[in-house]
Amino acid sequence: MKLGIHLPIFDIDGGTAAIAGELVRVGAAVEHAGMSHLSVMDHYFQIEPMGLPAEANMLEGYSTLSYLAAHTSTVALGVLVTGVTYRHPGLLAKIVTTVDVLSGGRAFFGIGAGWFEREHHALGVPFPPVAERFERLEETLQICQQMWDPLNNGPFDGANYQLAETLCCPQPIARPPILIGGSGERKTLRLVARYGDACNLFTTSVEDVARKLDVLRRHCDDVGRDYESIRVTVTAANPRPQPDEIDDFVGRMAGYARLGVDTVIVTPTTGSPAAWIDALAPAVPRLAELPTK
């Protein structure tokens, strides 16, 4: 099992002027520890699950990834996950491509249906009903696949989006793997089976994740997809792991490893995330040794 870092908090010790330097240190800590994944959120306000008010610091995700791309060399970089409502899909594909090119082919494309209504209304971003958001999500996945096909620069004519051309030059160095976030069994996991290279679930319980993966396997059977071609990731929560509880963390992850979970993603929640990551680094080799299915 691999270990990834998701950075959701930008209230950094030392204040706003210290954020840029701390991000450089985070990138160095992640790569020195041999962690596989570094992601940020795609929000404009802080979200309640982080235990902070909306007024807490939040950086725009893709600008942050471009900065991290310049200060790292090996770790995969992405947003966990983009809300489909925030950007037109043609522009979104171009933005992700830019991160991929500037990082030397290290971008992954995390996307979901979006949910945080307050920030949409606050900033004047349309927030359609959930059924329409999922329609837009599927069309966005189709558009990105077409944008990243160098042999198909033609139009896209969908119910929600119409593009006269899907020209994307340069093409990504490595087509960004598509990670679809969310655990909805009827819609989200169906989209994973049809379009995703990876999924992201929460560590609610080993039994619950096993059931979700059984649902995903059935969706794969329905569309003729090889279930084993989909990388399974989980975000560790409830409780979030802490560096002083590595034994407990590794023990709790053993059951997920046996399900075939490839990567567990953890979130530092302190004002000094680089030091937190350094302290968690001993978990990397221990997770790698967990027996899998």
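All figures in this text were calculated on a predicted structure; none of them were measured in a lab. For this chain, numbers begin at 1 and follow the sequence in order.
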> Just checking, is any N or O donor in the side chain of T82 or Y62 under 3.5 Å from an acceptor N or O on the other one?
Replying inline: yes

> Are L77 and I178 in one and the same hydrophobic cluster, where Ile, Leu, Val, Met, Phe, Trp and Tyr link if side-chain heavy atoms are under 4.5 Å apart?
Replying inline: yes

>> Please check if the number of heavy atoms outside H88 that lie under 6.0 Å from its NE2 is greater than 12.
In response: yes

> Under 4.5 Å between side-chain heavy atoms, hopping through other hydrophobics if needed: is there a path connecting F202 to I47?
Replying inline: no

> Is the closest side-chain donor-acceptor distance between T204 and N238 under 3.5 Å?
Replying inline: no

> Is there a side-chain contact (heavy atoms from CB on, under 4.5 Å) between M35 and I277 once you walk through the steps?
Replying inline: CA-CA 10 Å; M35 296 172 180; I277 293 164; 3.7 Å; yes

>> Do Y86 and L91 make a side-chain contact, defined as non-hydrogen atoms from C-beta onward lying under 4.5 Å apart?
In response: no

>> Show the nearest heavy-atom pair for residues Q146 and P155, with the distance to one decimal.
In response: NE2-O, 3.0 Å

>> Before you tell me yes or no, could you show the steps for T233 and D262 under side-chain hydrogen bond (donor to acceptor under 3.5 Å, both in side chains), namely the whole-Å CA-CA distance, both residues' side-chain angles and the distance that decides it to 0.1 Å?
In response: CA-CA 6 Å; T233 74; D262 174 85; over 6 Å; no

> Going through the checks in order, is the side-chain contact (heavy atoms from CB on, under 4.5 Å) test met by E135 and N160?
Replying inline: CA-CA 8 Å; E135 291 173 2; N160 298 282; 3.7 Å; yes

> Looking at the rings of F109 and W148, which for Trp means the six-membered one, are their centres under 6.0 Å apart?
Replying inline: yes

> Are D278 and R25 close enough for a salt bridge, meaning some N to O gap below 4.0 Å?
Replying inline: no

> Can you tell me how far the OG1 atom of T97 sits from the CE atom of M147, to the nearest 0.5 Å?
Replying inline: 6.5 Å

> Between I5 and P268, which heavy-atom pair has the shortest distance, and what is it?
Replying inline: CG2-CD, 3.9 Å

>> Using every non-hydrogen atom in the two residues, find where A236 and V264 come nearest and quote the distance to one decimal.
In response: CB-CG2, 3.8 Å

> Can you name the closest pair of heavy atoms from A69 and S103 and give their distance?
Replying inline: CB-CB, 3.7 Å

> Is there side-chain contact between W276 and V26, with at least one heavy-atom pair below 4.5 Å?
Replying inline: no

> Between Y227 and L213, is any pair of side-chain heavy atoms under 4.5 Å apart?
Replying inline: yes

> Where do E245 and R252 land on the salt bridge (Lys or Arg N to Asp or Glu O under 4.0 Å) test, with the steps shown first?
Replying inline: CA-CA 11 Å; E245 300 170 348; R252 286 190 289 113; 5.6 Å; no

>> So, taking the atom named OG1 in T85 and the one named CD in E117, what distance separates them when rounded to the nearest 0.5 Å?
In response: 10.5 Å

> Do M41 and V79 touch side chain to side chain, with heavy atoms closer than 4.5 Å?
Replying inline: no

> Can you check whether L259 reaches V232 side chain to side chain, under 4.5 Å on heavy atoms?
Replying inline: no

> Any idea which heavy atoms bring R133 and P128 closest together, and the distance?
Replying inline: NH1-O, 2.9 Å

> Any side-chain heavy atom of F10 sitting closer than 4.5 Å to one from E22?
Replying inline: no

> Within the distance-only criterion (no hydrogens, no angle test), does the side chain of K212 pair as donor or acceptor with the backbone N or O of S183 below 3.5 angstrom?
Replying inline: yes

> About how many Å separate CZ of R258 and CE of M253, when rounded to the nearest 0.5 Å?
Replying inline: 11.5 Å

>> Just by distance, no angles: are the side chains of N153 and T166 close enough, under 3.5 Å, to form a donor-acceptor pair?
In response: no

> What is the distance from atom CD of E139 to atom CG of L163, rounded to the nearest 0.5 Å?
Replying inline: 10.0 Å

> Can Q171 and V101 be said to form a side-chain contact (heavy atoms from CB on, under 4.5 Å), step by step?
Replying inline: CA-CA 8 Å; Q171 282 283 296; V101 169; over 6 Å; no

> Which of these passes side chain to side chain contact (heavy atoms under 4.5 Å, CB included) with I265: T203, V234, L80?
Replying inline: L80

> Is the gap between the ring centers of F116 and H120 under 6.0 Å?
Replying inline: no

> Do you know which two heavy atoms are closest between Q162 and D157, and how far apart they sit?
Replying inline: CG-OD1, 3.4 Å

> Do NZ/NE/NH1/NH2 and the carboxylate oxygens of D222 and R217 come within less than 4.0 Å?
Replying inline: no

>> Between L59 and I19, does the side-chain contact (heavy atoms from CB on, under 4.5 Å) criterion hold? Intermediate values first, please.
In response: CA-CA 10 Å; L59 299 183; I19 294 175; 3.8 Å; yes

> Side-chain heavy atoms under 4.5 angstrom apart, residues restricted to Ile, Leu, Val, Met, Phe, Trp, Tyr: same cluster for V75 and V99?
Replying inline: yes

>> Is any side-chain heavy atom of R175 closer than 4.5 Å to one of D197?
In response: yes

> What's the spacing between T188 OG1 and N200 CG if we round to 0.5 Å?
Replying inline: 11.5 Å

> Is there a path from V84 to F127 through hydrophobic residues (I, L, V, M, F, W, Y) whose side chains come within less than 4.5 Å of each other?
Replying inline: no

> Which residue pairs pass the ring pair (Phe, Tyr, Trp, His ring centres under 6.0 Å) test when at least one of the two sits in residues 175-195, sequence neighbours left out?
Replying inline: none

> Taking only residues two or more places apart in sequence or in another chain, which ones pass side-chain contact (heavy atoms from CB on, under 4.5 Å) with A193?
Replying inline: L216, H219, C220, V223

> Have R106 and T74 got a donor and an acceptor in their side chains that come within less than 3.5 Å?
Replying inline: no

>> Working to the nearest 0.5 angstrom, can you tell me the gap between M58 CE and I9 CD1?
In response: 8.0 Å

>> Could you tell me if R231 and T263 have a donor-acceptor pair between their side chains, going purely by distance under 3.5 Å?
In response: yes

> E185 and R211: salt bridge (Lys or Arg N to Asp or Glu O under 4.0 Å), yes or no, with the steps?
Replying inline: CA-CA 10 Å; E185 297 179 10; R211 186 174 57 80; 2.2 Å; yes

> Within the distance-only criterion (no hydrogens, no angle test), does the side chain of S63 pair as donor or acceptor with the backbone N or O of E60 below 3.5 angstrom?
Replying inline: no

> Using a distance-only test with no angle check, is there a side-chain donor-acceptor pair under 3.5 angstrom linking S39 and H6?
Replying inline: yes

> Cluster question for you: counting only ILVMFWY and a side-chain heavy-atom cut-off of under 4.5 Å, with indirect links fine, are L92 and L102 together?
Replying inline: no

> Can T267 and R240 be counted as having a side-chain donor-acceptor contact under 3.5 angstrom?
Replying inline: yes

> If you draw a 6.0 Å radius around CD in E48, do more than 12 non-hydrogen atoms from other residues or ligands fall strictly inside?
Replying inline: no

> Should R286 and D247 count as an ion pair when the cut-off is N to O under 4.0 Å?
Replying inline: yes

> How about I12 and P273: do any of their side-chain heavy atoms sit closer than 4.5 Å?
Replying inline: yes

> Under 3.5 Å, side chain of E165 to main-chain N/O of G154, donor-acceptor pair present?
Replying inline: no

>> Between R136 and T140, is there a side-chain donor-acceptor contact under 3.5 Å, judged purely by atom types and distance?
In response: no

